[in-house]
Amino acid sequence: MSTDLRINGARLCQRLEELGQIGGLPGGGNARLAFTDEDKQGRDLVSGWMRQLGLDVTIDKIGNTIGVRKGLEPGAPVMTGSHIDTVRTGGRYDGNLGVIAGLEVIERLNEAGITTRLPLAVAFFSNEEGARFHPDIMGSMVYTGQLDLDHAYEVVGIDGKVCGDELKRIGYCGPAEPGWLKPHAFVELHIEQGPILEAEGLVIGAVDGVQGISWTEVTVEGVSAHAGTTPMRLRKDAGYAAAEIAVFVRQLTRELGGGQVGTVGRMEFRPGITNVVPNRAVMTVDIRNPDEAVLQQAEARLFAFLDKIAIAEGVKISTRPLARTKPIVFASHMIDMVSEIAGDFGYKARRMTSGAGHDAQMMATLCPTGMIFVPSVNGLSHNVKEHTEPADLEAGANILLRMMQRLAA
Ligand code: GLV
Ligand code: MN
Ligand code: MN
C-alpha cells in the first residue's frame with residue numbers, strides 16, 4: 001500500500017467552492033433544500049464529477065446516489081460519503097465536505113494508478129437535513145431499512161409539497177432498491193459543527209458515536225380574540241402557551257444538565273396579527289442526549305408539561321413525532337483507526353460524540369462505521385458563516401484517503 005499519498009487540497013477547495021455556488025446565499029453559505037431545483041443542480045454537478053472520475057453511478061428509489069470504483073477483487077466496497085442538501089441558511093461544508101473529499105480520494109488514486117483490493121464507493125444520501133421533509137437522515141434511513149420507502153414518499157414538506165413527487169420531479173428517483181450495496185465498512189468525513197476542536201486547538205476528532213435525537217411538532221389551539229377588549233383571565237392564548245413551552249425546554253436542559261440540549265427552532269402564530277390573541281401556534285421541539293434513558297426522561301417531562309400548560313391556559317395541545325433516533329456507538333476499531341492514522345500525520349485526535357445527526361449513524365447499522373471530524377471556525381454551522389480552514393479540510397481528507405486505503409487493502 002502506498003502510504004505517502006496525499007490529496008490535492010486546492011482541488012478539494014475548488015470543488016467545494018463550485019458546489020457552493022449553487023443556491024449561493026449572500027454572506028457565503030447556501031440553500032439547497034432537499035428535492036428542490038437547487039438540490040437537483042447540486043446532484044447533477046456531483047454525479048457528473050463521479051462519472052468523469054470513472055465511477056459507476058447508481059441512483060436508488062429515494063435518490064441516494066452511489067459511485068463505485070472497481071477493486072482488484074470483487075466484493076463489498078469501502079464506502080464514504082455524506083449529503084449535499086443543506087438547511088435554508090446552510091454553510092458550504094456541512095455534508096458537502098464528506099462527499100467532495102470522497103471524490104478527491106478517488107481522483108488521487110486514479111492519478112497515482114492505484115487500485116485497492118476491495119472496491120471503493122462514494123455516496124451522497126438524500127435529505128440528510130430534514131429541513132424541508134421530516135425526518136432528517138431520510139435517505140440513509142431508507143437505505144438501511146429503518147424507514148419505509150412509501151412512508152418517505154408520502155411526507156408533506158414545510159411548503160406543502162409531497163416528498164415523492166418532488167423527488168420524481170427533479171429526476172432523481174432511480175431504479176435501484178435502497179440498500180442494494182452493503183459496504184464492507186463506511187467512513188464519513190464531516191465538519192464538527194461545534195466549538196470543541198477549535199477550543200482545544202485540535203485538528204481531528206475521532207467520533208465515537210452520535211447522540212440520540214428527538215423532534216416533535218407541537219400544535220397549540222386556543223381562541224382568537226381582541227387584544228384590547230379581552231380580559232387576561234378570559235384568554236385562551238395559543239401564543240402565550242407556546243412561549244411557555246419554549247421556556248420550559250430551556251429550563252429542562254438546565255435541570256437535566258450534562259449533555260442535554262433543547263431547541264425550539266420554529267414557532268408560527270395564527271392569525272399572526274398585532275392586535276389579535278393567537279388562536280393557533282405551531283412549533284418544533286428538538287431535544288438531544290447521548291444517553292437514551294435521559295433522553296426518554298426529557299421526552300416524558302416535556303409531554304407532562306404540555307398536559308399541564310394545556311389545563312392551565314385552557315388550550316388544546318396535540319403533538320406529531322417528526323424524527324427519533326437512538327444514540328449510536330461506532331465500532332471501536334474504526335474509532336481507533338481514525339486516531340491512529342491522525343497520529344501518523346502528526347495530529348492528536350480527540351474522541352468525541354457527535355451532537356449532530358449524520359448518515360454514518362444509519363450506516364453503522366449495516367457495517368463497521370467511523371467518522372472523522374475537522375474543526376468549525378467559531379463553532380458555527382447551519383449558518384452562512386460556517387467555515388473550516390483549508391489546511392484542516394486537507395488534513396481530514398488525507399486521513400480519509402489513508403483510512404479508505406487501509407480498509408480496502
Ligand atoms: C442535522 O444536521 C442535525 O440536525 O443534526
Ligand atoms: Mn451534515
Ligand atoms: Mn446539517
Side-chain angles (χ1 to χ4, degrees), residues 33-34 87-89 127 129-138 141 147 151-152 154-163 211-225 227 232 235-257 259-273 276-289 291-327 355-357 382:
L33 289 173
V87 296
R88 197 164 33 213
T89 54
N127 186 27
E129 295 290 5
R132 185 182 181 206
F133 298 106
H134 301 109
D136 61 335
I137 47 176
M138 180 188 271
M141 232 183 213
L147 179 68
H151 176 84
E154 285 163 14
V155 173
V156 177
I158 54 170
D159 51 6
K161 298 274 169 54
V162 178
C163 185
Q211 69 178 340
I213 304 178
S214 168
W215 288 0
T216 305
E217 184 182 76
V218 179
T219 301
V220 186
E221 286 165 285
V223 176
S224 55
M232 299 310 285
R235 295 183 184 207
K236 295 182 192 310
D237 184 341
Y240 174 74
E244 282 266 16
I245 295 164
V247 170
F248 175 79
V249 169
R250 172 60 71 97
Q251 198 179 311
L252 184 64
T253 64
R254 282 195 209 103
E255 283 168 19
L256 291 173
Q260 183 65 48
V261 291
T263 307
V264 172
R266 188 159 68 87
M267 193 190 279
E268 285 154 9
F269 291 173
R270 279 205 216 141
I273 299 171
V276 181
V277 174
N279 69 334
R280 189 178 163 91
V282 181
M283 65 197 293
T284 54
V285 180
D286 172 326
I287 48 180
R288 309 187 184 204
N289 200 295
D291 182 329
E292 174 64 19
V294 182
L295 185 57
Q296 284 184 18
Q297 199 190 328
E299 291 174 315
R301 287 175 66 172
L302 170 67
F303 280 84
F305 183 77
L306 297 182
D307 290 343
K308 193 173 130 196
I309 195 79
I311 293 166
E313 294 303 320
V315 293
K316 191 168 156 254
I317 298 185
S318 54
T319 59
R320 187 164 71 98
L322 297 179
R324 180 67 161 90
T325 49
K326 288 192 170 162
H382 287 186

**Q.** Sequence neighbours excluded - side-chain hydrogen bond (donor to acceptor under 3.5 Å, both in side chains) pairs with any residue from residues 296-311
**A.** S214-E299, E255-R301, E292-Q296, E299-R324
Q) Any idea which heavy atoms bring K161 and F133 closest together, and the distance? A) O-CE2, 3.2 Å
Q.
Just verifying a value: how many Å separate R250 CZ and L252 CG, rounded to the nearest 0.5 Å?
A. 11.5 Å
**Q.** Reported CD1-to-CD1 distance for the pair I309 and I317, which is rounded to 0.5 angstrom
**A.** 7.0 Å
Q.
Set out, in order, the CA-CA distance, both residues' side-chain angles and the distance that settles side chain to side chain contact (heavy atoms under 4.5 Å, CB included) for D159 and R132, then state yes or no.
A. CA-CA 7 Å; D159 51 6; R132 185 182 181 206; 2.7 Å; yes
Q.
With a 3.5 Å distance limit and no angle check, can you tell me whether T284 reaches the backbone of R266 through a side-chain donor-acceptor pair?
A. yes
Q.
Measuring only between side-chain heavy atoms, which start at C-beta, is Q211 closer than 4.5 Å to L295?
A. no
Q: For K316, check side chain to side chain contact (heavy atoms under 4.5 Å, CB included) against everything at least two apart and list the hits.
A: E221
Q. Are I245 and M267 close enough that some pair of their side-chain heavy atoms sits under 4.5 Å apart?
A. no
Q: Taking all non-hydrogen atoms of both residues into account, name the closest pair between A298 and L256 and its distance.
A: CB-CD1, 3.5 Å
Q | Pairwise side-chain contact, F303 with T216, heavy-atom cut-off 4.5 Å (strictly under) | A | yes
Q: State, yes or no, whether a side-chain contact exists between R270 and N279 at a heavy-atom distance under 4.5 Å.
A: yes
(Q) For Q260 and N289, which I'm curious about, is there any donor-acceptor pair between the side chains at under 3.5 Å? (A) yes
Q.
If I compare all heavy atoms of V282 with all of R280, which pair ends up nearest, and what's the gap?
A. CG2-NE, 4.0 Å
Q. So W215 and H134, would you call those rings parallel, tilted or perpendicular, with 30° and 60° as cut-offs?
A. perpendicular
Q: Please confirm whether the backbone N or O of G357 pairs with a side-chain atom of D136, one donor and one acceptor, at under 3.5 Å?
A: no
Q: Looking only at non-hydrogen atoms, find the nearest pair between P135 and N127 and report the distance.
A: O-ND2, 3.6 Å
Q. Is there a side-chain contact between Y240 and R235 (heavy atoms, below 4.5 Å)?
A. no
Q: For A281, enumerate each residue passing the side chain to side chain contact (heavy atoms under 4.5 Å, CB included) test, keeping only those at least two apart in sequence or located in another chain.
A: V220, A238, A242, F269
Q. Taking all non-hydrogen atoms of both residues, which atom of A246 and which atom of M283 are closest, and how far apart?
A. N-CE, 4.0 Å
Q. Counting only N and O atoms by type, is there a donor-acceptor contact under 3.5 Å from the side chain of R288 to the main-chain atoms of G355?
A. yes
Q: For residues A227 and V276, report the shortest heavy-atom separation together with the two atoms involved.
A: CB-N, 4.0 Å
